[in-house]
> 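Questions regarding the structure given below will be posed in turn.
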Amino acid sequence: MGQRADQWVTRLDAAFEGDAASTIANLATVREEDWTWVPPGGARSIRDLVQHIGGSKLMYADAAFGDGALGFDDPIVRGEGSLDTVGLGVAWLRAAHAAMRAGVAGLDDAAFDADIGMPFGRTGNAEWMLDQLTRHEVYHTGEINHLRALAQDNDAWSW
């Protein structure tokens, strides 16, 4: 693995499973009853956010490192049959992360300055795409954290 690939794999892993602010850490305290709960006036559940994070990883990995055939309506991207419980959802999300991680790990340093395939037939700079995916995950992990706190009625600051 090239130096830049190693750096990006480290960043991706940190957002996904690195510390208390990571996606997996935030999902660790989600109860089954929280999984599909939608707050009053809301429109998305934690399950929906996990599907969005994982589906995006699968689509971007497929476009960048596969044949680019996956779209938002694909059953694999939608997580059909894989998001019925928290445990199944986390396993599906881990597989989506592994697909992206494997593709990035296979890049040489020069590839990060080149255009890479992106969903819907687009192309763009690999480093920019990975930065956007990492920010995307962190943003939606914050939403997961907030929804979980609302569902568990513990949304106050600890101090």
Side-chain angles (χ1 to χ4, degrees), residues 1-30 32 34-36 43-148:
M1 181 173 3
Q3 181 180 2
R4 290 171 80 183
D6 184 53
Q7 291 170 344
W8 273 107
V9 165
T10 299
R11 288 179 192 160
L12 292 168
D13 285 349
F16 183 67
E17 195 168 29
D19 60 19
S22 71
T23 305
I24 293 298
N26 274 277
L27 290 171
T29 56
V30 171
E32 290 302 327
D34 305 333
W35 187 238
T36 57
R44 295 181 290 181
S45 67
I46 293 171
R47 179 201 177 279
D48 296 333
L49 291 165
V50 166
Q51 185 280 320
H52 181 67
I53 293 168
S56 295
K57 286 184 184 206
L58 290 169
M59 282 182 42
Y60 274 83
D62 178 62
F65 313 115
D67 64 10
L70 292 180
F72 280 121
D73 60 346
D74 192 289
I76 294 168
V77 172
R78 294 181 55 77
E80 290 181 10
S82 299
L83 296 167
D84 295 338
T85 66
V86 176
L88 288 172
V90 168
W92 176 82
L93 188 58
R94 284 185 183 281
H97 180 75
M100 177 56 71
R101 187 184 198 284
V104 173
L107 295 176
D108 63 26
D109 284 349
F112 287 91
D113 295 319
D115 279 353
I116 198 165
M118 293 194 291
F120 313 113
R122 297 174 299 152
T123 60
N125 178 275
E127 192 130 28
W128 179 88
M129 183 264 295
L130 291 168
D131 181 64
Q132 294 304 303
L133 274 177
T134 304
R135 290 170 183 243
H136 178 257
E137 179 153 1
V138 169
Y139 176 83
H140 289 303
T141 296
E143 288 186 296
I144 289 168
N145 176 288
H146 192 221
L147 283 176
R148 179 199 42 76

> Quick one: CD on Glu137 to CG on Leu49, what's the gap to the nearest 0.5 Å?
11.5 Å

> Crowded around Ile24 CD1? As in, over 12 foreign heavy atoms under 6.0 Å?
yes

> Could you check whether any side-chain heavy atom of Thr85 comes within less than 4.5 Å of a side-chain heavy atom of Trp35, counting everything from C-beta outward?
no

> Is the closest side-chain heavy-atom distance between Gln7 and Phe112 below 4.5 Å?
no

> Please examine the side chains of Leu130 and Arg11, heavy atoms only from C-beta on, and report whether any two atoms are closer than 4.5 Å.
no

> What residues, two or more places apart in sequence or in another chain, satisfy side-chain hydrogen bond (donor to acceptor under 3.5 Å, both in side chains) together with Arg135?
Asp131

> Residues two or more places apart in sequence or in another chain: which of them pass side-chain hydrogen bond (donor to acceptor under 3.5 Å, both in side chains) with Thr141?
Thr23

> Okay, side chain of Asn145, backbone of Gly142: is any donor-acceptor separation there less than 3.5 Å?
no

> Which value, rounded to the nearest 0.5 Å, describes the distance between Ile53 atom CD1 and Trp92 atom CH2?
9.0 Å

> Return the set of residues passing ring pair (Phe, Tyr, Trp, His ring centres under 6.0 Å) with Tyr60 (not counting sequence neighbours), or none when no residue passes.
none

> Give a yes or no answer on whether the side chain of Asp6 reaches the backbone of Gly2 with a donor-acceptor pair at less than 3.5 Å.
no

> Which residues pass the side-chain hydrogen bond (donor to acceptor under 3.5 Å, both in side chains) test with Glu32, sequence neighbours left out?
none

> Evaluate Arg44 against His140 for side-chain contact (heavy atoms from CB on, under 4.5 Å), listing each step before the verdict.
CA-CA 11 Å; Arg44 295 181 290 181; His140 289 303; 4.0 Å; yes

> Can you see which heavy atom on Pro119 is nearest to which on Met59, and at what distance?
CB-CE, 3.6 Å

> Is there a side-chain contact between Met118 and Trp128 (heavy atoms, below 4.5 Å)?
yes

> Going by the rule salt bridge (charged side-chain N to carboxylate O under 4.0 Å, His left out), which residues pair with Arg122 if we only count those two or more places apart in sequence or in a different chain?
none

> If we check side-chain contact (heavy atoms from CB on, under 4.5 Å) with Leu93, which of these qualifies: Leu83, Leu27, Leu88, Leu58?
Leu27

> Any idea which heavy atoms bring Thr134 and Ala15 closest together, and the distance?
CG2-CB, 4.0 Å

> Compare every heavy atom of Ala105 with every heavy atom of Ala5, then report the nearest pair and how far apart it is.
CB-O, 4.2 Å

> Arg101: which residues meet the salt bridge (charged side-chain N to carboxylate O under 4.0 Å, His left out) condition with it, sequence neighbours left out?
Asp13

> In Å, rounded to the nearest 0.5 Å, how long is the span from CG of Leu12 to CE of Met100?
7.5 Å

> Using ring pair (Phe, Tyr, Trp, His ring centres under 6.0 Å) as the criterion, list what pairs up with His146, not counting sequence neighbours.
none

> My understanding is that only residues two or more places apart in sequence, or in another chain, count here; which of them pass salt bridge (charged side-chain N to carboxylate O under 4.0 Å, His left out) with Asp34?
Arg31

> For residues 102-115, pull every pair meeting side-chain hydrogen bond (donor to acceptor under 3.5 Å, both in side chains), keeping only residues two or more places apart or in separate chains.
Arg4-Asp113

> Looking only at non-hydrogen atoms, find the nearest pair between Gly18 and Ser22 and report the distance.
N-CB, 3.3 Å

> Listed by chain and number, what are the ring pair (Phe, Tyr, Trp, His ring centres under 6.0 Å) partners of Tyr139, not counting sequence neighbours?
none

> Measure across Ala111 and Ala126 and return the closest heavy-atom pair with its distance rounded to 0.1 Å.
O-CB, 3.6 Å

> Please answer whether the main-chain N or O of Ile46 pairs with a side-chain N or O of Gln51 as donor and acceptor at a distance below 3.5 Å.
no

> What pair of heavy atoms forms the shortest contact from Ala20 to Ala25, and how long is it?
O-CB, 3.7 Å

> Could you work out, with salt bridge (charged side-chain N to carboxylate O under 4.0 Å, His left out) as the rule, every residue matching Arg94, not counting sequence neighbours?
Glu17

> Is it the case that more than 12 heavy atoms not belonging to Arg78 sit under 6.0 Å from its CZ atom?
no

> Only counting residues at least two apart or in another chain, list the ones meeting side-chain hydrogen bond (donor to acceptor under 3.5 Å, both in side chains) with Trp8.
Glu127

